[in-house]
*Asks:* 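Pasting in a structure now, in structure tokens, and then I'll have a few things to ask.
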Amino acid sequence: MTSSLSQTIFFSILLLLSLHQAYAKKTHLHFYFHETILGPNATVMTVVRAPNSTSDALAFGAIAVVDDILREGEDENSTLIGRCQGLVAEVGLDGSRETLQNFVFTDGKYNGSTLAVYGKHVSATKMETLIIGGTGLFRMTKGYTIGIPLLITDSKVIYEFDVYVWHMEMKDD
């Protein structure tokens, strides 16, 4: 009896997952990530210094919080479409970082929706991260992001992002 119930639950879950795949909508988003490292308008801040470090710069063991800007274009005066808010931890001696961030959309069709993004990234390189969930129009989401560095200076970072999202077409009740 227990085996039969377990099989029924297992196959029900498989059916739901396959229905999600069959009815999921694919959305491609393209935007630019702007990070300010220095100054009064800095969008990244080290909150836990690395044990062997005397600076605020990220080094192995450090943790930072971010509230970066998402824009339609590379220019800092292009339309603001949202924020990238989350945590960054320096986890590798090679300079690699674990990121756990939310893309919070504040303008346009996706205003009020978010995408939860997780992944590993090495500074100044192409990055690919997982989309592990979302809210609003992005409920029941999965997907990935690809970020290409366009500008990296001591005070500013700009990445171009392509985001590929599979999600159910959700409407509020």
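Just so it is clear, the model here is predicted, and its values are computed rather than measured. The residues of the chain are indexed from 1 along the displayed sequence.
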*Asks:* Grab the two heavy atoms, one from Tyr118 and one from Leu100, that are nearest each other, plus how far apart they are.
*Replies:*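 For Tyr118 and Leu100, the tightest heavy-atom pair comes out as CD1-CD1, 4.0 Å.
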*Asks:* Check the hydrophobic clustering (I, L, V, M, F, W, Y; side-chain heavy atoms under 4.5 Å; chains of links allowed) and say if Trp166 and Ile146 are grouped together.
*Replies:* yes
*Asks:* What orientation do His28 and His30 show, parallel under 30°, tilted 30 to 60°, or perpendicular over 60°?
*Replies:*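 The rings of His28 and His30 sit tilted, inter-plane angle from 30° to 60°.
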*Asks:* Determine the minimum heavy-atom distance between Ser113 and Leu137, stating which atoms define it.
*Replies:* OG-N, 2.9 Å
*Asks:* Compare all side-chain heavy atoms of Val165 with those of Lys26 and state whether any distance is below 4.5 angstrom.
*Replies:*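 Result no, sub-4.5 Å side-chain heavy-atom pair not found.
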*Asks:* Would you say the side chain of Val91 lies within less than 4.5 Å of the side chain of Ser96, judging by non-hydrogen atoms?
*Replies:* yes
*Asks:* Looking only at heavy atoms, which two atoms of Leu38 and Asp154 are closest? And how far apart?
*Replies:*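 Result for this residue pair: CD1-O, 3.5 Å.
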*Asks:* Side chains of Glu74 and Tyr32 only: does a donor on one sit below 3.5 Å from an acceptor on the other?
*Replies:*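 There is no such pair between these side chains.
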*Asks:* As an exercise, state the distance from CD of Glu35 to CD1 of Ile152, rounded to the nearest 0.5 Å.
*Replies:*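 These two atoms lie 9.5 Å from each other.
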*Asks:* Less than 3.5 Å apart, any donor N or O on the side chain of Thr135 or Thr114 sitting next to an acceptor on the other?
*Replies:* yes
*Asks:* With no hydrogens and no angle check, do the side chains of Thr43 and Thr36 hold a donor and an acceptor under 3.5 Å apart?
*Replies:*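 Side-chain D/A pair, Thr43 to Thr36: absent.
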*Asks:* Less than 4.5 Å apart, any side-chain heavy atom of Phe161 and any of Leu70?
*Replies:*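 The answer is no, as the side chains (C-beta and beyond) never meet within the 4.5 Å cut-off.
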*Asks:* Say whether, by atom type as modelled, one donor and one acceptor occur between the side chain of Ser78 and the main chain of Gly73 under 3.5 angstrom.
*Replies:*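 Confirmed, Ser78 side chain pairs with Gly73 backbone.
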*Asks:* Please check if any side-chain donor atom of His34 sits under 3.5 Å from a side-chain acceptor atom of Asp68, or the reverse.
*Replies:* no
*Asks:* In the single-linkage hydrophobic clustering (I, L, V, M, F, W, Y; side-chain heavy atoms under 4.5 Å), do Val157 and Val66 co-cluster?
*Replies:* yes
*Asks:* Sort out for me which residue in Phe31, Phe103, Phe138 forms a ring-ring contact (aromatic ring centres under 6.0 Å, His included) with Tyr110.
*Replies:*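 Single ring-ring contact (aromatic ring centres under 6.0 Å, His included) partner of Tyr110 among Phe31, Phe103, Phe138: Phe138.
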*Asks:* Are the side chain of Thr46 and the backbone of Arg49 linked by a donor-acceptor contact shorter than 3.5 Å?
*Replies:*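 Not at all, since once roles are kept as given, no pair shorter than 3.5 Å links the two residues.
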*Asks:* Hydrophobic clustering (ILVMFWY, side-chain heavy atoms < 4.5 Å, transitive) - are Val117 and Val88 grouped together?
*Replies:* yes
*Asks:* Supply the atom-to-atom distance Ile158 CD1 to Arg71 CZ, rounded to the nearest 0.5 angstrom.
*Replies:*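 That separation rounds to 9.5 Å.
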*Asks:* Please report the interatomic distance CZ(Arg83) to CD1(Ile69), rounded to the nearest 0.5 Å.
*Replies:*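 Interatomic distance, Arg83 CZ to Ile69 CD1, rounded to 0.5 Å: 4.5 Å.
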*Asks:* Any Lys/Arg nitrogen of Lys120 or Glu98 sitting under 4.0 Å from an Asp/Glu carboxylate oxygen of the other?
*Replies:*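 Judged by the 4.0 Å cut-off on N to carboxylate O distance, Lys120 and Glu98 do not form a salt bridge.
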*Asks:* Roughly how far apart are His121 NE2 and Lys126 NZ, rounded to 0.5 Å?
*Replies:*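 With rounding to 0.5 Å, NE2 (His121) is 13.0 Å from NZ (Lys126).
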*Asks:* Check step by step if side-chain contact (heavy atoms from CB on, under 4.5 Å) holds for Leu115 and Val163.
*Replies:* CA-CA 10 Å; Leu115 290 171; Val163 177; 3.9 Å; yes
*Asks:* Is there a path of hydrophobic side-chain contacts, each under 4.5 Å between heavy atoms of I/L/V/M/F/W/Y residues, joining Tyr144 to Ile148?
*Replies:* yes
*Asks:* For residues Ile131 and Thr145, determine if any side-chain heavy atom of one lies less than 4.5 Å from a side-chain heavy atom of the other.
*Replies:*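 Ile131 vs Thr145: side chains touch.
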*Asks:* Between Thr27 and His167, does any side-chain donor sit less than 3.5 Å from a side-chain acceptor?
*Replies:*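 Yes, a side-chain donor-acceptor pair sits under 3.5 Å.
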*Asks:* With rounding to the nearest 0.5 Å, note down the distance linking CG in Asn77 to CG in Leu80.
*Replies:* 11.5 Å
*Asks:* Within this structure, what is the CE-CE distance for the pair Met168 and Met140, rounded to the nearest 0.5 Å?
*Replies:* 6.5 Å
*Asks:* Under a 3.5 Å distance rule, please check whether Thr99 uses its side chain to pair with a backbone N or O of Gly119 as donor and acceptor.
*Replies:*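 Checked: pair present.
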*Asks:* Is the backbone N or O of Val104 less than 3.5 Å from a side-chain atom of Asn102, with the two atoms forming a donor-acceptor pair by type?
*Replies:*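 Such a contact is absent between Asn102 side chain and Val104 backbone.
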*Asks:* What about Val65 and Ile63, same hydrophobic cluster or not, with Ile/Leu/Val/Met/Phe/Trp/Tyr joined at side-chain heavy-atom distances under 4.5 Å?
*Replies:*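 The answer is yes; both residues are in one hydrophobic cluster.
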*Asks:* Could you tell me if the side chain of Phe105 sits less than 4.5 Å from the side chain of Asn111, heavy atoms only?
*Replies:* no
*Asks:* So, does Thr79 use its side chain to make a donor-acceptor pair with the main chain of Glu72 at under 3.5 Å?
*Replies:* no
*Asks:* Would you please say whether a donor-acceptor pair under 3.5 Å links the side chains of Gln85 and Asp67?
*Replies:*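 Yes, Asp67 and Gln85 have a side-chain donor paired with an acceptor closer than 3.5 Å.
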